[in-house]
Asks: 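Sharing a structure, written as structure tokens. Questions coming.
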2 protein chains.
Amino acid sequence: MAQEAVLFANEAFYRAFAERDIAAMEQVWAQAAPVACIHPGWSPVVGRERVLASWRAILGGPGAPPITCVDAAAHVLGDAAFVICIERIPAVELVATNCFVREDDTWRMVHHHASGMARGAPEPEQDEPDSGSGLLH
Amino acid sequence: MAQEAVLFANEAFYRAFAERDIAAMEQVWAQAAPVACIHPGWSPVVGRERVLASWRAILGGPGAPPITCVDAAAHVLGDAAFVICIERIPAVELVATNCFVREDDTWRMVHHHASGMARGAPEPEQDEPDSGSGLLH
């Protein structure tokens, strides 16, 4: 089932991240499709070589945090898909959008966008988020 | 060309946003495909009704900011696509990932994820982002 295969690819990304496995990270990302990456607080990094260079810098650096992914939900759109999930890093939770494409019957990442969640952020269950929360939009 | 059509759909989203046009915003979002939205600092909002409710709250509220979109780049993946762009709001720049799907020959939004950019964030042109910048990943 496509949804499971996409979630499997998403898990492979976080395994490579947590294990600081550059070779596995290179396998995760699409070979042919255009790729991009938005690390928390960064401006976009565009192109496979630059994206992988950013991961080499992060995974090889002293500040690479232990990370786990929870609450992953896959939305499949034909041969593309996006996953929304929560990234747990000690003392902080991030939210991520991960986009995938099917290349040669394998789901590969084409885009990763992670960003911080404010304390008191509206819950997914909530029908009418509070517009007066002071958040931008 | 698909890329231009995707960018046109992306512009329609920001026009609806800037003009606080709820009816136009409802047209922007996919009718059939599963949708989601991550407002800056929020946890994910999932499902068309909840996503549109969040936009009604934001666009109808007193704090809806003027917004312009710049540097939009579309990455087309068959009948799906994602756009990366910068959102300019007075005094702050955000970065956004916008995902689209082709429904009945019209590109419609299935996911919006916007988040802040830190000052001094690495530039897209940079090949080797500084892993020591203190940003999380």
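Letters go in sequence order (proteins before strands), and every chain restarts at 1.
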Asks: Between A:His111 and B:Ile84, what is the shortest heavy-atom contact and its length?
Replies: CE1-CD1, 3.5 Å
Asks: More than 12 foreign heavy atoms under 6.0 Å from CZ of A:Arg88: is that the case here?
Replies: no
Asks: Could you tell me which non-hydrogen atom of A:His113 sits nearest to which non-hydrogen atom of B:Val95, and how far apart they are?
Replies: CE1-O, 3.7 Å
Asks: Are A:Ile67 and A:Phe8 connected in the hydrophobic side-chain network, where two residues link if heavy atoms are under 4.5 Å apart?
Replies: no
Asks: When you group the ILVMFWY residues by side-chain heavy-atom contacts below 4.5 Å and let the links chain together, are B:Val70 and B:Phe82 in the same group?
Replies: yes
Asks: Against chain A, label B:Ile86 side chain, backbone, both or neither, depending on which of its atoms sit under 4.5 Å from a heavy atom there.
Replies: side chain
Asks: Give, as side chain, backbone, both or neither, the part of A:Val110 having an atom under 4.5 angstrom from any heavy atom of chain B.
Replies: both
Asks: Quick one: which of B:Pro34, B:Ala81, B:Ala80, B:Cys99 has the most heavy-atom pairs under 4.5 Å with chain A, could you say?
Replies: B:Pro34
Asks: Determine the minimum heavy-atom distance between A:His75 and B:Ala36, stating which atoms define it.
Replies: CE1-CB, 4.3 Å
Asks: Closest heavy-atom contact between A:Phe100 and B:Leu77?
Replies: O-CD1, 4.5 Å
Asks: With a 4.5 angstrom heavy-atom cut-off, could you sort out which part of A:Ala96 is near chain B: side chain, backbone, both or neither?
Replies: backbone
